[in-house]
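Source: prediction; values computed, not measured. Note that the numbering runs from 1 along the sequence shown for the chain.
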Amino acid sequence: MTEMDTARLRARVIEVAREMNARGINVNKSGNVSARACRAAADGFVITPTGVPYETLRPEDLVFVPLAEPLSVRDAIGRYLPSSEWEMHARVYLARPDIEGVVHTHSAYATALACQEMPIPAFHYMVACAGGASIDVAPYRTFGSSELAQEAAAALKARNACLLAHHGVLAAASTVEKALVLAAEVENLAHQYAIVRTLGTPKLIEEDEMQRVIEKFRTYGQPQKRLSGNETGGSE
Ligand SMILES: [Zn+2]
């Protein structure tokens, strides 16, 4: 159920934004974080503002953006402007009613693959943590544009994470904390995949085995929740 826009929810978003930098999956203010929230009768989300360092962010600095068509930054409520990628977050929430948190980063290895327009194939079973047998690349569009927002949302129709060509990573989940864990896992997989490629042509897991893994993640569920305790370690 969608949470109310409270100081507690805003504090969680700030915590995730700071954690993103602490974990080294984001540099400076290039990333952004949001959580779905409702405010009185309005459905929307709270998102990090543009141009404010995470260290000094306070709950009241986050911006509430209503999810009402036509989307407009003029409808945003807050003392700052929302992140320049606010529409990308908005389109994901509109396309995926099950999503409650979104994290966007420019983490190094995942972004390097995105710059080469290289998807991450099934070289490791954990690729299934994004909900499919690969982590794909959404086509390049100008940062902050409606076109990028549309492409990103389309890429997240059938996955919970994607690479954004020549840009970065987008991860979405049932909580903002799980979206962070997923973004970190995508970076981990991208790093491993870059190493594997230096060892030769990557050997891939068969499609039917990946379907079993995807089903197992779905059935036993919440790989992201489990990962939050031990992100790189065994998920068996
Ligand atoms: Zn970006």
Side-chain angles (χ1 to χ4, degrees), residues 2-6 9-18 20-21 25-40 42-54 56-107 111 138-157 160-173 175-177 179-180 182-183:
T2 301
E3 297 200 33
M4 293 294 290
D5 178 4
T6 59
L9 181 67
R10 287 167 173 245
R12 284 170 55 199
V13 171
I14 293 170
E15 201 175 320
V16 165
R18 289 178 182 157
M20 193 165 69
N21 286 26
I25 61 167
N26 190 61
V27 176
N28 299 327
K29 296 170 284 178
S30 51
N32 31 75
V33 178
S34 71
R36 195 191 286 272
C38 55
R39 191 179 171 113
D43 285 332
F45 60 98
V46 287
I47 187 166
T48 46
T50 188
V52 184
Y54 300 144
T56 61
L57 266 185
R58 295 164 302 170
E60 58 270 31
D61 297 333
L62 296 197
V63 185
F64 178 84
V65 181
L67 281 170
E69 300 274 17
L71 293 171
S72 170
V73 73
R74 282 192 296 274
D75 297 331
I77 300 168
R79 53 201 286 248
Y80 293 108
L81 284 171
S83 154
S84 57
E85 299 296 1
W86 67 271
E87 195 173 342
M88 185 161 76
H89 292 246
R91 289 288 164 210
V92 171
Y93 289 121
L94 286 169
R96 293 280 306 274
D98 57 320
I99 293 301
E100 298 284 332
V102 175
V103 168
H104 166 58
T105 79
H106 296 181
S107 62
T111 301
Y140 177 78
R141 297 290 185 268
T142 309
F143 83 93
S145 68
S146 297
E147 291 75 19
L148 176 61
Q150 302 279 2
E151 294 288 1
L156 289 202
K157 272 268 179 196
N160 290 335
C162 70
L163 307 182
L164 303 168
H166 309 280
H167 187 152
V169 181
L170 187 61
T175 68
V176 65
E177 291 84 3
L180 172 72
L182 182 57

- request: Give a yes or no on whether the backbone of Val33 and the side-chain of Thr48 come within a donor-acceptor separation of less than 3.5 Å.
  value: yes
- prompt: If you measure from OG on Ser146 to CD on Glu151, what distance do you get to the nearest 0.5 Å?
  reply: 12.0 Å
message: Within the 4.5 Å heavy-atom criterion, are Asn160 and Arg96 side-chain neighbours or not?
response: yes
Side-chain touch Glu85/Leu148, heavy atoms, less than 4.5 angstrom: yes
query: Could you state the interatomic distance from CE (Met88) to CZ (Phe143), rounded to the nearest 0.5 Å?
result: 11.5 Å
Residues Trp86, Leu71; criterion side-chain contact (heavy atoms from CB on, under 4.5 Å); working and verdict: CA-CA 10 Å; Trp86 67 271; Leu71 293 171; 3.9 Å; yes
message: Is any side-chain heavy atom of Val65 closer than 4.5 Å to one of His89?
response: no
field: Nearest-0.5 Å distance, CD1 of residue Ile47 to CG of residue Leu62
entry: 9.0 Å
task: Nearest 0.5 Å please: distance from the OG atom of Ser34 over to the CZ atom of Phe64.
output: 11.5 Å
- prompt: Does the Asn21 side chain pair with the main chain of Arg18, one donor and one acceptor, at a distance under 3.5 Å?
  reply: no
Closest non-hydrogen atom pair, Ala35 against Val176: CB-CB, 4.3 Å
- prompt: Ala90 and Leu67: which non-hydrogen atoms are nearest, and at how many Å?
  reply: O-CD2, 3.6 Å
message: Please check this pair: side chain of Arg79 against backbone of Glu60, looking for a donor-acceptor N/O pair closer than 3.5 Å.
response: no
query: Would you say Leu180 and Met20 make side-chain contact, with heavy atoms under 4.5 Å?
result: yes
- request: For Ala95 and Ala153, work out which heavy atoms get closest and say how close.
  value: CB-CB, 4.4 Å
task: Check whether any side-chain heavy atom of Val63 sits under 4.5 Å from a side-chain heavy atom of Leu81, and report yes or no.
output: no
message: Can you tell me which residue among Arg36, Arg39, Arg12 is in a salt bridge (Lys or Arg N to Asp or Glu O under 4.0 Å) with Glu3?
response: Arg12
statement: Smallest heavy-atom separation, Asp61 atom then Pro49 atom, equals O-CG, 3.4 Å
- prompt: Going through the distances and angles, do Glu100 and Thr175 end up as a side-chain contact (heavy atoms from CB on, under 4.5 Å)?
  reply: CA-CA 5 Å; Glu100 298 284 332; Thr175 68; 5.6 Å; no
- prompt: Is a donor on one side and an acceptor on the other found under 3.5 Å between the side chain of Arg91 and the backbone of Gln150?
  reply: no
- prompt: Under 6.0 Å between ring centres, would you say that holds for His167 and His104?
  reply: yes
message: I'd like to know whether Leu182 forms a side-chain contact (heavy atoms from CB on, under 4.5 Å) with Val103, so could you lay out the CA-CA distance, the side-chain angles of the two residues, the decisive distance to 0.1 Å, and finally the verdict.
response: CA-CA 9 Å; Leu182 182 57; Val103 168; over 6 Å; no
- prompt: So, for Ala155 and Cys162, which heavy atoms are closest and what is the spacing to 0.1 Å?
  reply: CB-SG, 3.8 Å
task: Taking the side chain as every heavy atom from C-beta outward, state whether Tyr80 and Thr50 have any atom pair closer than 4.5 Å.
output: no
- request: Tell me, with the steps shown, if Thr142 and Glu147 meet side-chain contact (heavy atoms from CB on, under 4.5 Å).
  value: CA-CA 8 Å; Thr142 309; Glu147 291 75 19; over 6 Å; no
query: Taking the side chain as C-beta and beyond, is there a heavy-atom pair between Tyr93 and Ile99 under 4.5 Å?
result: yes
message: Under the rule for side chain to side chain donor-acceptor pair (under 3.5 Å), what residues qualify as partners of Ser30, not counting sequence neighbours?
response: Asn26
- line: Taken to the nearest 0.5 Å, the spacing of Asp5 CG from Asp43 CG works out to 12.0 Å
task: Considering non-hydrogen atoms only, spot the tightest contact between Ser107 and Val169 and give its length.
output: OG-CG2, 3.8 Å
query: Which residues satisfy the ring pair (Phe, Tyr, Trp, His ring centres under 6.0 Å) test with Tyr140, sequence neighbours excluded?
result: His166
